[in-house]
Structures are given as structure tokens and as C-alpha cells.
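Heavy-atom basis, side chains included; hydrogens, waters and symmetry copies ignored. None of the values given here were measured: they were computed from a predicted structure.
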Amino acid sequence: MRPAHTHVLSSILSFFQLTAGIVVHAVTHLDALKRRSVMSITYKQIYFTGIQALLPVSFAAMLVGFTMETQMRGLLGSGIEINVKMLKLVVLREFAPLFTAFIVLGRSGAAIASELAAMKVQGEIRSLYLMGIDPGEYLIVPRVVGCCVAVPVLTFYFQVIVAGFGPALASMLVEIELGPYYQAIFNSITLTEIIASTSKNVCFGLIIAATACSSGIYVPTARIWIPQAAELAVMRGFILLLAGDACFALLMI
Amino acid sequence: MNALVTQMQNVRSEQFHCANLRLHGGEVGVVCVKSLEQGMAFVDAMMGLKAPMEGRVELLGTLLYELPESARLSLLARTCHVGGGLVSNLKVWENLALPALFHHLISAEEVERRLVAAMEQIQNKDDWLQNRLKALPDTLSTYSRRMVGLLRCAIQRPQLIVAEFLLDDLEEGPVDKLVKMLVWLKSQAPDMAVLLVNLGPIDAGHLALQNLKAAWIVELEEPHHAVSEKH
């Protein structure tokens, strides 16, 4: 009998191998998007992951913006420069990408994992093979591409709401000169920061999709694994997103 | 005699022992299996999903397991599998068109034309057109799901139909309708071969097999048993 720590280590290794395999498969089969049926699922995935998440992201962003603005004013005073610096570093660079990614992971990551697990259990993945359709092309590529497109766009939307509505809402409680504050935020953003933020968000989209797909598609064929696949996707995704964020933080030093 | 569509020589897996069969274009063959698992393992071995432990599998003139996976999948586009799960998040009409459109076999207009022609063979055509085609597969009965598989064959016009458990667990009426559709499909493409995988033994005098003019019946044995063939 193998010791417990060996079992845990081999499970972790196997998960990383499967997830990396999903990423490699998706990247090397991007030409599947030329097929209309694959493109159609990709649009559906973007709609589900991106557009349908707008409402929860809007609420979350407004509340985060309001809380951060009031807290920063209490802590740092009313100086525009220091507040803008704090907003950019803490909220726009770190908080917004992570928060958006967590929302997408909780909604779409769990849904993708349970959907794929259900398809596996019901024999639909076998059916796709028997139709001559590569499940990697038909199921994984659209989900990976959908998340990689939707997450950066949603994060940008989150950042705009935080920077736009947060100070406006907070100005009802604390004194904020909105015009100069917005101007200072706008002036402080550089093209390099936009590129870095987009790259990070694309990576987050990739992490969410690959984790969800590997948690869903490689489950044993038993119904009990369908909810477990969703749970695994969320927990593994959560840890990988934090690890990914730490890696980006190291790169940005 | 028509070209050989599929051939298995001394094929052995964990679920069955030494399968030998040859199916030519235009023929109907019947493979009787002992269990669902055995039937699925047989279909998987025959269609290239899981390599058998031993033996040689030929499909449409090619040694299946010598091909890379992408080429195997392309080959499967010329076959049609009936009886597997339909894709649950696609509506029935999307399921029908999926293989033909995915593999760019025919245009969307041709898919519609072939579907309309096949629909003429169904008694309650209006119900299908108004309700069942727009529904999700989970809402369909077992019979309707199997009919969807046959309608897909009507659209695809494959060289080989593999009908997995098509006639099992159904009353006489639905079986007759499915057989009638299969007979019509064969009349539309005389070179098309049909392989019926049946759960349990089936008599050669069974009306369905008589209507389909089955060429042979093979009973698949569990591992370490011989295969018997009845002509």
C-alpha cells in the first residue's frame, strides 16, 4: 500500500499533467474555430461566461469601488495622487482581475466542469468520437477560447466600474473632487499597464477553462462525480488563480 | 460482390473472445452480445475507440489501428452510429445536422432537403416537425431517440450504419417503425452496410431480420469462449 503523501503527490502531478494537456490541446487545435459548429459553441460560451456575468460583476465592482474609496479616504486622506496610486496598485492591478476571475470560476468554471462530467457519464463524449468528432476540438477549444476572451473583457469592465462608480458613490459620504480625480486616474494609465493587465487576464481565463475542463472530462463514469467535478474545478481553480497572481506579482516587481 | 466495409479477424478484448466477421457493402449483419458492456466494447473496438488486445480490425479498406487518431476520426465521418447518447445541450435538429455539418459533408440546404425526405417516412411527421425537432434530447422517448439516430443516417448517407441496441427494450410497434426506416434507408443507398448490435440472441426468423434480409448473425462469446456463426 502506498503512503498517503505519495498518493496526494501523484494526484497533484496527474492533475497538472491533465490540465497542461488541455492547454496544449486547445492551443494546437485552434484551427477548429474554422468550423462553424465549433465557432457557434464559442459564441455561446462567450455569451454565458461574459455577457451573462455582467450583472453580478457590476454589483461586485460597485460595492468594491465604494468600499475601497471610503476606506482609502479614511486611511490616506484626500490627496489625489496617493489615492490614485493606491487605487491602481491595489484595486485595478490586483483586486479587479482576481475578483473577476473568482466570479467567472464560480459561475462558468463550475458549470463547465459539471456539464462535461455529465456528458462523460451519459456517454455523449463517446458518441462524439463515434461521429468522428474530436471532443477536444468540439468541447474544449470553444470553452478555452470563450473564457480567454470573456475574462479580460469582464475584468476591464470591472475596472471601469470600480474607477468610475466607486468614487461617485463614495462622494455621497466623503468629500471627493470627482473631475480632477477621474482626470488623474486616466492620465496615470500607461499602455504597458494595459498590455500587462490583459495578458494576466487571458492567463486567468486559460487557468479557469483548463481547470474546469480537466476536472470535468477526466472524471470516472459515475453520476456521483458530476457535482464533485464542479467542486474540484472551483477549488483547484481558486488555488491556481492565486498561484498565477503571485507569479505575475513577481514578474511586475 | 460489393466492397468489404468492415472486417474483424481474431479480435479479442477484455469483454469478448475472438470476434471474426466480414461485412460487405449492401449487407446487413447482426452481432448478438451478452451484455451492454460487451456490446459497447465490441463497437469501441470496431470503430477505433479502444484498441483490442489482439486481432486485426479493418474499416472501409483501412487497418484502423495503424492510422493516427485524426485519420481514424475522419474515417468515422463515413459511418453513422445509432443508439449512443445524443448531445444533451443541442436541440434535436442540431444533433441531426451535427456530423454532416461538422465534417462539411453537405451544405445546410442539402441537410434540410434530406431531412424532409426522411420525414416523409415517419407517420406523425407534423409532431416531429413542430415539437420533437425543436426539443432537447432528454425530453424524447427511447424510440424517438433511436429514430433521431436513423434520421441522422438519412442525412449523412454513410457507407456503414452501426446500430447499437437499436431494437432492444422496445415494443413491437416502435421496432416495426425503426425497421421500416432502416429498410427505406437501405433502399436509398443500396451499397450501404448495416451492422446491428443486439442484446441477447435473436432468431434468424425474426420479422425484423427478415425485412432487413440479414446476411449473417454472429453470437459474441465472453472471453475464453469460441464464436459461433450462423448463416
Participant: Around atom CD of B:Q9, are there more than 12 heavy atoms from other residues, nucleotides or ligands closer than 6.0 Å?
Facilitator: yes

Participant: Less than 4.5 Å to any heavy atom of chain A: does that hold for the side chain of B:E94, its backbone, both, or neither?
Facilitator: side chain

Participant: Verify side chain to side chain contact (heavy atoms under 4.5 Å, CB included) between A:R35 and B:H104, making sure each step is shown before the conclusion.
Facilitator: CA-CA 9 Å; A:R35 296 179 192 272; B:H104 304 298; 4.1 Å; yes

Participant: Walk me through whether B:K50 and A:R126 qualify under side chain to side chain contact (heavy atoms under 4.5 Å, CB included).
Facilitator: CA-CA 11 Å; B:K50 191 178 177 196; A:R126 175 176 178 262; over 6 Å; no

Participant: Which is it for B:L98 and A:L128 under the side chain to side chain contact (heavy atoms under 4.5 Å, CB included) test, yes or no, and what are the steps along the way?
Facilitator: CA-CA 10 Å; B:L98 178 62; A:L128 284 173; 4.1 Å; yes

Participant: Between B:V87, B:T79, B:V162, B:V43, which residue shows the highest count of heavy-atom pairs closer than 4.5 Å to chain A?
Facilitator: B:V87

Participant: Which bit of A:M131 comes within less than 4.5 Å of chain B, counting heavy atoms only: side chain, backbone, both or neither?
Facilitator: both

Participant: Does A:L251, at its CG atom, have more than 12 non-hydrogen atoms belonging to other residues, nucleotides or ligands within less than 6.0 Å?
Facilitator: yes

Participant: Pick from A:M119, A:E137, A:E115: which one has the most heavy-atom pairs with chain B under 4.5 Å?
Facilitator: A:E115

Participant: For A:R36 and B:L101, run side chain to side chain contact (heavy atoms under 4.5 Å, CB included): C-alpha distance rounded to whole Å, both residues' side-chain angles, the deciding distance at 0.1 Å, then the answer.
Facilitator: CA-CA 8 Å; A:R36 195 181 289 180; B:L101 296 182; over 6 Å; no

Participant: Chain A heavy atoms under 4.5 Å from B:R152: which part of the residue, side chain, backbone, both or neither?
Facilitator: side chain

Participant: At their closest point, which heavy atom of A:V38 faces which heavy atom of B:F102, and how far apart are they?
Facilitator: CG2-CE1, 3.7 Å

Participant: I need the minimum non-hydrogen distance between A:Q122 and B:S88, along with the two atoms involved.
Facilitator: OE1-OG, 4.0 Å

Participant: Pick one of side chain, backbone, both or neither for B:L90, based on which atoms fall under 4.5 Å of a heavy atom in chain A.
Facilitator: side chain

